[in-house]
**Student:** 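Pasting a structure below so you can have a look.
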Amino acid sequence: MNEPLDIEDRHPLHSFGQPATDRRAARAKAGWIGIWLVFMAAPVKDLADGGRSTAATVLGSLGLAAFVACYLTLVFRYTTRVLTWCWVYVTYAALVLLAAALSTWMDSAWLGLWVYVAVSAGAVLPMGQALWVVPAVTGAMVAIGVYAQGVGAADLVTGLGVTTFLVGFAMTGVRHLIRTTVQLRQARATVAQLAANEERLRLARDLHDLLGHSLSLITLKSELAGRMLPDHPDRAAQQVADIEQVSRQALVDVREAVTGYRRLTLPGQLAGARTALTAAGVEATIPLAAPEAPHAPDEEREAALAWALREAVTNVVRHSGASHCTVTLTRRQTLAGPVLELAVEDDGVGPAAGTGHGNGLTGLTERLEAVGGVLEVGSGGGRKGRGFRLAARVPLTADPAAAAAATALGSPA
């Protein structure tokens, strides 16, 4: 049986909204931020064209480098979490001053720097402050363009002004999405921890209920046997026999409890399959484990179907290359009686010609046969015969003899 994949840790979107923790994540984040440096093309071209003195070119280059450093510091370090707001405000003030100085002293090509000022406001500042800072930044850019550079107000407002305004407010939405993602991830981790704590409490409670009475009885009978041993060896021997019987029953109870903890459940595997397929980028159609949904008549058959679903989903994620996977759970009436059928079908590459079943499918076949079920595998219903379909059937009748007959005639009536 294949081990389940820890897909979420490998998925590229798992780091969305998280600070860079290694060089690879830092390079990826820098790449996404670097895409937006396209608005720097106009100032760089203005410097490269040469039409200025050497001193003006050097000062302009230094000012542009300082501006980029401030911008990257803001969006790279403070988008997700801010520990010291003082440095945020100081860096942002420097960004505004550099944009104002460069766009006033140089020519109109440098007005694009105000786009980064608006982006930084939307990405870093609190929502209440960003709501008035972005319009103020847009107004400052229009004022400098009109009065310092002589650009037409109408052209500036409908062109770069609209871009600055919209991009600034768009970044407020992106920032809110990132921080919401972080909060959801933290809440999910908290829920998982609480679930683990609850499971530990349940285990402790069950062990206490199982062993508390038995151990107390063993202790009591041991004390009685010790007191009876010198004068009443026959009665002491009876107490020892009782201790043996109680110990054996306690051992049976513990084994049954451990088996119950290890047993797979179909609702749990349906939820796990939905999470695994979604995290792997596979569109999943999976039924909800509603109370009125078909269910297996006993724990053994439910566990067999749960193992079949787990194996099938693992194979879809690892080997199929599918874009869509459908899971159905259907009650069917066959010639020999009712059966519960679990079918998993994908639109991936399908089974290779001439290849047999692997160890996982062989183990599933044996597990299903042990409860009177059957396993069928084959090509899916995708285009040109693509895809893979796995169907596991277990009988709904409680009669083991009828169960084997029902699943042997597994086609629907």
Side-chain angles (χ1 to χ4, degrees), residues 1-4 195 199 202-203 205-207 209-211 248-276 286-316 327-345 357-378 389-413:
M1 189 66 62
N2 293 331
E3 292 297 327
E199 189 68 12
R202 186 168 74 94
L203 176 59
R205 184 169 56 249
D206 290 351
L207 288 177
D209 294 341
L210 287 172
L211 298 179
R248 290 184 182 277
Q249 184 59 44
L251 182 60
V252 171
D253 293 340
V254 170
R255 285 175 176 171
E256 290 179 352
V258 172
T259 301
Y261 279 112
R262 292 179 177 177
R263 181 177 60 87
L264 295 184
T265 62
L266 196 53
Q269 289 304 307
L270 287 171
R274 186 178 295 107
T275 301
I286 299 177
L288 296 175
E292 63 274 10
H295 58 276
D298 54 43
E299 295 179 353
E300 288 76 14
R301 297 176 205 180
E302 179 185 1
L305 290 180
W307 279 109
L309 177 59
R310 182 176 181 177
E311 173 70 20
V313 170
T314 302
N315 288 337
V316 170
V327 178
T328 57
L329 189 63
T330 311
R331 186 183 187 275
R332 297 187 182 278
Q333 182 65 39
T334 66
L335 295 177
V339 298
L340 182 61
E341 179 185 88
L342 172 74
V344 181
E345 185 172 354
H357 293 175
N359 293 331
L361 294 180
T362 301
L364 276 184
T365 302
E366 296 172 353
R367 188 184 295 272
L368 286 165
E369 289 177 349
V371 296
V374 294
L375 179 71
E376 292 183 1
V377 295
R389 186 177 190 272
L390 179 148
R393 299 189 187 97
V394 296
L396 290 175
T397 176
D399 184 5
T407 50
L409 300 172
S411 58

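Positions are given from 1, in the same order as the sequence printed here. All values below come from the heavy atoms of this structure, side chains included, with hydrogens, waters and symmetry mates left out.
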**Student:** When rounded to the nearest 0.5 angstrom, what distance separates CG in L396 from CG in L340?
**Tutor:**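 With rounding to 0.5 Å, CG (L396) is 5.5 Å from CG (L340).
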**Student:** Examine distances only and state if a side-chain atom of R274 and a backbone atom of P287 form a donor-acceptor pair shorter than 3.5 Å.
**Tutor:**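 Side chain of R274 to backbone of P287, a donor-acceptor pair under 3.5 Å: yes, one is there.
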**Student:** Looking at R301 and V371, what are the two nearest heavy atoms and their distance?
**Tutor:**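 Looking at all heavy atoms of both residues, the closest pair is CG-CB, 3.8 Å.
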**Student:** Answer yes or no: is there a donor N or O on one side and an acceptor on the other, between the side chain of E345 and the main chain of R389, under 3.5 Å?
**Tutor:**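 Side chain of E345 to backbone of R389: no pair is present.
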**Student:** Could you give the distance from CG (L361) to CD (E366), rounded to the nearest 0.5 Å?
**Tutor:** 11.5 Å
**Student:** State the CD-CD distance between Q269 and E302, to the nearest 0.5 angstrom.
**Tutor:** 10.0 Å
**Student:** Can you give me the closest heavy-atom contact between A392 and A308, atom names plus distance?
**Tutor:**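 Taking every non-hydrogen atom into account, CB-CB, 3.8 Å.
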**Student:** Looking only at heavy atoms, what is the nearest atom pair of L305 and L342, with distance?
**Tutor:**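 Scanning both residues completely, I find the closest heavy atoms to be O-CD2, 3.3 Å.
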**Student:** To the nearest 0.5 Å, how far apart are CD in E341 and OG1 in T328?
**Tutor:** 6.0 Å
**Student:** Which atom names give the shortest non-hydrogen contact between I286 and A273, and what distance separates them?
**Tutor:** CD1-C, 3.8 Å
**Student:** Short question: side chain of R367, backbone of W307 - any donor-acceptor pair under 3.5 Å?
**Tutor:** no
**Student:** Would you compute the distance between atom CG of L329 and atom CG of L309 and round it to the nearest 0.5 angstrom?
**Tutor:**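 Atom-to-atom, L329:CG and L309:CG are 9.0 Å apart.
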**Student:** Do the non-hydrogen side-chain atoms of V339 and V374 ever get within less than 4.5 Å of each other?
**Tutor:**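 Result no, sub-4.5 Å side-chain heavy-atom pair not found.
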